[in-house]
Amino acid sequence: VLSRIDNYESVRQAVTEERDREIVMTVARLIKKCIRSFDDAYRSGDGEFIMSLKHSDISGGAAAINRLQRFMDDEKIVVEQPGGRPFELTVSS
């Protein structure tokens, strides 16, 4: 599964380097939470992650994506923009 933080470049420009690192680490923590102990997850680039779901078919991949979306909804990561409206961070997979 390939997942990415939506509008990552805009998010990155709107926050400090420390907040950017915090956001990426939070998303990584949620991804780790939604995979099984024998699966792997990697950060592949700016705001992009790969989940290697061993011994899974399409329904297993869909279940992992649904868990990630549910965890993201529960976490409610808010990005504060200087001079703009705050918005909730989303991830697409």
Side-chain angles (χ1 to χ4, degrees):
V1 175
L2 174 63
S3 298
R4 65 179 169 77
I5 298 172
D6 294 330
N7 303 310
Y8 181 68
E9 283 304 316
S10 298
V11 170
R12 195 171 173 181
Q13 292 173 359
V15 298
T16 65
E17 187 176 324
E18 182 180 332
R19 178 66 175 140
D20 175 50
R21 193 172 22 256
E22 182 181 298
I23 288 169
V24 170
M25 288 175 58
T26 300
V27 173
R29 177 179 50 80
L30 296 177
I31 287 172
K32 184 176 179 182
K33 185 177 170 183
C34 79
I35 62 175
R36 300 164 298 188
S37 62
F38 54 85
D39 291 331
D40 295 316
Y42 308 93
R43 181 174 173 208
S44 63
D46 289 340
E48 294 180 345
F49 304 87
I50 295 174
M51 290 180 265
S52 175
L53 306 174
K54 301 169 184 159
H55 309 290
S56 287
D57 56 11
I58 296 238
S59 63
I65 290 169
N66 290 336
R67 283 191 298 273
L68 178 57
Q69 292 299 333
R70 191 172 61 248
F71 295 152
M72 289 292 297
D73 290 344
D74 292 346
E75 192 79 18
K76 294 197 186 319
I77 304 167
V78 175
V79 177
E80 302 282 341
Q81 299 182 86
R85 292 181 47 196
F87 62 92
E88 191 172 330
L89 190 78
T90 56
V91 172
S92 294
S93 299

Chemist: Can you confirm whether E48 sits close enough to S3 that some side-chain heavy atom of one is under 4.5 Å from a side-chain heavy atom of the other?
Modeler: no
Chemist: Between SG of C34 and CZ of R70, what distance do you get to the nearest 0.5 Å?
Modeler: 9.5 Å
Chemist: Could you measure the distance from the CD atom of E75 to the CG atom of D73? Nearest 0.5 Å is fine.
Modeler: 11.0 Å
Chemist: Can you measure from CG (L2) to OG (S92) and round to the nearest 0.5 angstrom?
Modeler: 10.0 Å
Chemist: Looking at G61 and L53, what are the two nearest heavy atoms and their distance?
Modeler: CA-CD1, 3.7 Å
Chemist: Is the shortest side-chain heavy-atom distance between F49 and V27 below 4.5 Å?
Modeler: yes
Chemist: I'd like to know whether CD of E9 has more than 12 heavy-atom contacts from other residues, nucleotides or ligands below 6.0 angstrom.
Modeler: yes
Chemist: Does I77 share a hydrophobic cluster with I5, counting links as ILVMFWY side-chain heavy atoms below 4.5 Å and allowing steps through other members?
Modeler: yes
Chemist: Report whether V24 and V91 are members of the same hydrophobic cluster (ILVMFWY, side-chain heavy atoms less than 4.5 Å apart, transitive linking).
Modeler: yes
Chemist: Would you indicate whether the side-chain heavy atoms of H55 and D39 approach each other to under 4.5 Å?
Modeler: no
Chemist: Using 0.5 Å steps for rounding, measure from the CZ atom of R67 to the CD1 atom of I31.
Modeler: 12.0 Å
Chemist: Got T16 and D20 here, is their nearest side-chain heavy-atom distance under 4.5 Å?
Modeler: no
Chemist: Between L68 and M51, is there a side-chain heavy-atom distance shorter than 4.5 Å?
Modeler: yes
Chemist: Any carboxylate oxygen within less than 4.0 angstrom of a Lys/Arg side-chain nitrogen, looking at E18 and R21?
Modeler: no
Chemist: Calculate, to the nearest 0.5 Å, the distance between atoms CE and CD belonging to M72 and E88 respectively.
Modeler: 7.5 Å
Chemist: With heavy-atom distances below 4.5 Å as the criterion, would you say the side chains of D6 and L89 are in contact?
Modeler: no
Chemist: Hey, what do you get for CZ (R4) to CG (D46), rounding to the nearest 0.5 Å?
Modeler: 13.0 Å
Chemist: Side chain to side chain donor-acceptor pair (under 3.5 Å) between S56 and R36: does it pass, once the steps are laid out?
Modeler: CA-CA 11 Å; S56 287; R36 300 164 298 188; 2.7 Å; yes
Chemist: Taking side chain as C-beta onward, heavy atoms only, is F71 less than 4.5 Å from R29?
Modeler: no
Chemist: Step through the shown structure and confirm whether more than 12 heavy atoms of other residues, nucleotides or ligands are within 6.0 Å of CD1 on I58.
Modeler: no
Chemist: So, D57 side chain and G60 main chain: donor-acceptor pair closer than 3.5 Å or not?
Modeler: yes
